[in-house]
Amino acid sequence: MLSIDKYNQQNNNVPLTDARISCSLLSSICFPTNKKLTPWSVIHVRLFLNYRSKLNRILSGTVENPAKACKTRGAYLRVHFKNTRETANNLRRMTLRRATRYLKNVVNKKEIVPFKRYNGGVSRKAQAKVFKVSQGRWPKKSAEILLDLLKNAESNADVKGLDVDHLVIDHIQVNRAPKIRRRTYRAHGRINPYQSSPCHIEIILCEKENLLTRTGGAAEDEPAAKKKESKKKLKRQKMLNRE
């Protein structure tokens, strides 16, 4: 770990430029609390953060083979960011058919969305055990908006002549949009903020010849649902068969 003084000695007090800023360099510089930060260090840390956010925005939409991919996006959507982020995070690397079926099951409460990051105050659900977590919800509005976007992406794929049955969600991203500010009136003449948290969504689907599921097997149109029967029910059936 380098301190600011050692870094200045090694580089002959040459200030950093935007081109020379990198993650490894800034991670190697520590800012101790007992030393006063110089103006150049604060400025260039801010420059690096701006540069990194721009780079992430540029790289997020890149595709290896644009001819075999289709995109769709929605901006300033009136749906909660946190719920949509958790729902979209679970769709990554799914096929288009499986993702559509999954979202419809979420609306009908047959499958659940596991909440892994924004899980404060989220209650425990038995359906979440499938994803090896305990917390989950069924965000209906988020699922319906993502269904509309996937339908739009499917139309874009048809226009480009792609095979819809071989499309996989290669990239999906949800970003916060500016909050819509309103007000609510409280007792004793007070006013409190009453904000909504909209979001931006972008999805990229890629056509792949050899489809594999997350477990490593070949992708199937319909999952093999094995019905679980209780021991009491099996005993009753045996008794009835004997009679």
Side-chain angles (χ1 to χ4, degrees), residues 42-43 45-62 70-94 96 98-128 130-131 133-156 169-205:
V42 177
I43 290 169
V45 166
R46 288 177 180 171
L47 279 173
F48 167 72
L49 293 175
N50 292 335
Y51 168 76
R52 188 179 64 177
S53 63
K54 288 179 183 177
L55 188 65
N56 288 340
R57 267 186 249 122
I58 293 167
L59 294 178
S60 64
T62 55
C70 60
K71 300 179 183 180
T72 182
R73 67 188 304 270
Y76 303 99
L77 301 174
R78 287 294 299 271
V79 63
H80 286 300
F81 162 74
K82 293 182 180 180
N83 291 346
T84 310
R85 185 264 170 197
E86 296 291 349
T87 309
N89 188 52
N90 210 37
L91 298 178
R92 195 171 284 110
R93 296 189 301 278
M94 277 189 185
L96 177 61
R98 170 62 184 135
T100 305
R101 191 169 63 248
Y102 171 73
L103 291 173
K104 287 179 180 178
N105 288 341
V106 169
V107 172
N108 297 325
K109 295 191 176 182
K110 293 180 180 178
E111 289 188 82
I112 200 167
V113 174
F115 276 57
K116 298 178 180 179
R117 176 176 292 181
Y118 302 109
N119 55 7
V122 179
S123 59
R124 294 172 293 177
K125 302 291 190 304
Q127 287 184 6
V130 179
F131 303 98
V133 295
S134 60
Q135 295 168 292
R137 279 177 178 168
W138 300 276
K140 184 179 178 182
K141 191 173 180 182
S142 299
E144 288 173 347
I145 284 181
L146 287 168
L147 270 172
D148 291 340
L149 286 173
L150 289 178
K151 189 177 179 181
N152 179 253
E154 186 176 350
S155 301
N156 295 341
I169 298 175
D170 188 59
H171 167 79
I172 184 166
Q173 183 172 312
V174 181
N175 294 329
R176 290 181 189 269
K179 289 189 176 182
I180 299 173
R181 297 183 62 90
R182 289 180 292 169
R183 58 172 61 180
T184 183
Y185 300 94
R186 310 304 297 272
H188 310 294
R190 291 174 299 147
I191 291 175
N192 280 4
Y194 203 76
Q195 301 177 353
S196 63
S197 300
C199 62
H200 310 305
I201 307 172
E202 61 180 30
I203 304 173
I204 299 177
L205 302 175

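Positions are given from 1, in the same order as the sequence printed here.
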Pair Ser142-Asn83, side-chain donor/acceptor within less than 3.5 Å | no
[X] and [Y]: which non-hydrogen atoms are nearest, and at how many Å?
X      : Y      : result
Met94  : Ala99  : SD-CA, 3.9 Å
Gln135 : Asn119 : NE2-O, 3.0 Å
Ala177 : Tyr76  : CB-CD2, 4.1 Å
Thr184 : Pro193 : CG2-O, 4.3 Å
Asn90  : Pro114 : ND2-CD, 3.6 Å
Ala153 : Cys70  : O-SG, 3.6 Å

Could you tell me whether [X] atom [atom1] has more than 12 heavy atoms of other residues or ligands within 6.0 Å of it?
X      : atom1 : answer
Tyr118 : OH    : yes
Arg190 : CZ    : yes
His200 : NE2   : yes

Can a donor-acceptor pair be found, under 3.5 Å and without considering hydrogens, that links the side chain of [X] to the backbone of [Y]?
X      : Y      : result
Trp138 : Glu111 : yes
His171 : Ile203 : no
Glu86  : Lys116 : yes
Arg92  : Ile172 : yes
Glu144 : Val107 : no
Lys141 : Arg78  : yes

Between [Y] and [X], is there a side-chain heavy-atom distance shorter than 4.5 Å?
X      : Y      : answer
Ile112 : Val130 : no
Thr84  : Ile145 : no
Val113 : Arg137 : no
Val106 : Thr87  : no
Asn156 : Leu205 : no

Nearest 0.5 Å, please: how far is [atom2] in [Y] from [atom1] in [X]?
X      : Y      : atom1 : atom2 : value
Asn108 : Lys140 : CG    : NZ    : 8.5 Å
Tyr102 : Leu147 : OH    : CG    : 11.5 Å
Ile169 : Ile204 : CD1   : CD1   : 11.5 Å
Cys199 : Lys82  : SG    : NZ    : 13.0 Å
Arg183 : Asn192 : CZ    : CG    : 11.0 Å
Leu96  : Arg101 : CG    : CZ    : 10.5 Å

